[in-house]
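To start, the structure under review is shown below, and the notes come after it.
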There are 2 protein chains.
Amino acid sequence: MPRTVDHAERRARIAEALVRVAAQEGLHAVTMRAVAAESGVSLRLVQYYFDTKEQLLLGALRHLEQQSRQRWAARVAELPSPVPPRAFVEAFLTEALPTDEQSRTFHLVGTSYAVLAMTDPSLTAEPFIANVDDLQRQLADALRQAQADGQVAAGVDVSVEAARLVTLSHGLGTSVLIGQYDVDGAMTVLRYHLDTLFRR
Amino acid sequence: MPRTVDHAERRARIAEALVRVAAQEGLHAVTMRAVAAESGVSLRLVQYYFDTKEQLLLGALRHLEQQSRQRWAARVAELPSPVPPRAFVEAFLTEALPTDEQSRTFHLVGTSYAVLAMTDPSLTAEPFIANVDDLQRQLADALRQAQADGQVAAGVDVSVEAARLVTLSHGLGTSVLIGQYDVDGAMTVLRYHLDTLFRR
DNA sequence: GCGTATCTGATACGGCGGTACCATTAAGTG
DNA sequence: CACTTAATGGTACCGCCGTATCAGATACGC
């Protein structure tokens, strides 16, 4: 059996090509031929590694999620060992904004998939929700910690606050993508929000 | 010239059919034939009233915006004559959530267009931004009024607060669309946010 | 070495989507 | 009543897309 290249790596290559196409020309422009051309392989190869287009889309989505999670994990790993709650929250907020090209791609393609999932039943929204819920839990934990440290007022509802943080950062991310705000403008709003949360 | 039906009304009919298709099957499923079938006219007619597909999409978008603005204006008109600022803000927030079918359609199709505008240069994001900016200004005005009435603390930055309101409600709207929250859950977050804003 | 299973290439097929073309009807004008 | 112009119907054309098919190559077990 001529396993010249690693199967998984090839799939990853193709998935990334799809993401690149989707980021530049939109998810509607993602065609098997376009992905093949972008990844430098033949149409047949794309067919071989992902049997159908639906599989291709799902595979690329999973790849994107995994990459995004890895990036977030790396970001968290950079924080000091007893993680300072406010720094953690700030890291999340800046990470949630499309600052660099990769982040912009994550947001744009992720949003495209989310919109697709609103009408297409073959694309379950469940993974999105699970991902967001996980982040929200992490934020709530950090806020609880901050509350114990006295940096956040005792009365606040940490889970609702976490929901506000996630929703706000996500909304600002889309606004930046649309061009309503630049990154600085969005950061201003986020810092303002943080100031109302901490040290009250 | 057999002007049997009103030109503008026919265009509106077709535009609404497009919105219906987009809301049910996604913007990618919008095809001239599908719109023709949904509006009960022939393909040729769609071609006649909107020369090209791009024109059709643009026309439907304009129609959607106008309808949305009308709905908001009607909602505002229902308020007592010296508009109570908090009621105004609350009206905005509940209106921003996809509570009924029409509102859901507005959100879903609007978001689809916004995502499309991220990659397609023929669809300028400018109208979106202008619309949002306008709402944001209205909210800022209401907040300023509330500040004068003493319902809102003097120190707060009304324009940033307005930005937070818009972003938060929009983000919650999409979350409801995705299925992460139901309308009640989203309303809980909004009320929480309102309570931190007013009567501080 | 040879067969067999894995992998890759080229190409064909059916369908659908946007657009174009041609004809026909209906209303207004002289 | 002719005649022009707006409005409408039917349908054909061409391209692209997803998928299927057929053939060839490459490496490994025996």
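First the proteins, then the strands, lettered A, B, ... as listed; each starts at 1. All figures in this text were calculated on a predicted structure; none of them were measured in a lab.
The pair B:D51-B:R11 does not meet the salt-bridge criterion, since no charged nitrogen lies less than 4.0 angstrom from a carboxylate oxygen. Ion pair B:E65/B:R62 not flagged as a salt bridge, since none of the NZ, NE, NH1 or NH2 atoms sits closer than 4.0 Å to an Asp/Glu carboxylate oxygen.
Rounded to a whole Å, the CG atom of B:L57 is 14 Å from the P atom of C:dG17. Put simply, NE2 on B:H28 is 11 Å from P on C:dG17, counting in whole angstrom units. In this structure, B:L43 places its CG atom 9 Å from P of C:dG18, rounding to the nearest Å. The nearest whole Å value for the distance from the CE atom in B:M32 to the P atom in C:dG17 is 12 Å. Whole-Å rounding puts the A:L45 CG to D:dT19 P distance at 16 Å. Distance CG (A:D51) to C1' (D:dT19): 10 Å, rounded to an integer number of Å. Between the C1' atom of D:dA7 and the CZ atom of B:R11 lies a distance of 15 Å, rounded to the nearest Å. Residue A:Q47 contributes atom CD, which lies 13 Å from atom C1' of D:dC22 at whole-angstrom precision.
Relative to the side chain of B:Y49, the nucleotides D:dA7, D:dT19, C:dT19 differ in distance, and D:dA7 lies closest. Side-chain proximity of B:R33 to the nucleotides C:dT19, C:dT8, D:dT19 is greatest for C:dT19.
A donor-acceptor contact shorter than 3.5 Å is absent between the side chain of A:Q147 and the backbone of A:V152. Between the side chain of B:S169 and the main chain of B:V166, a donor-acceptor pair closer than 3.5 Å is present.
For A:T52 and D:dT19, the shortest distance from a side-chain N or O to OP1 or OP2 is below 4.0 Å. Phosphate proximity of D:dT8 to B:S42: absent, as no side-chain N or O sits under 4.0 Å from OP1 or OP2. Contact annotation: A:H7 does not reach the phosphate of C:dT6 (side-chain N/O to OP1 or OP2, under 4.0 Å). Side-chain N/O atoms of A:Y48 include one lying less than 4.0 angstrom from OP1 or OP2 on C:dC7. At the phosphate of C:dA23, neither OP1 nor OP2 sits under 4.0 Å from any side-chain N or O atom of B:R44. OP1 or OP2 of D:dG18 has at least one side-chain nitrogen or oxygen of A:T31 nearer than 4.0 Å.
For the pair B:R10 and B:Y49, the cation-pi criterion (under 6.0 Å, within 45° of the ring axis) is not fulfilled.
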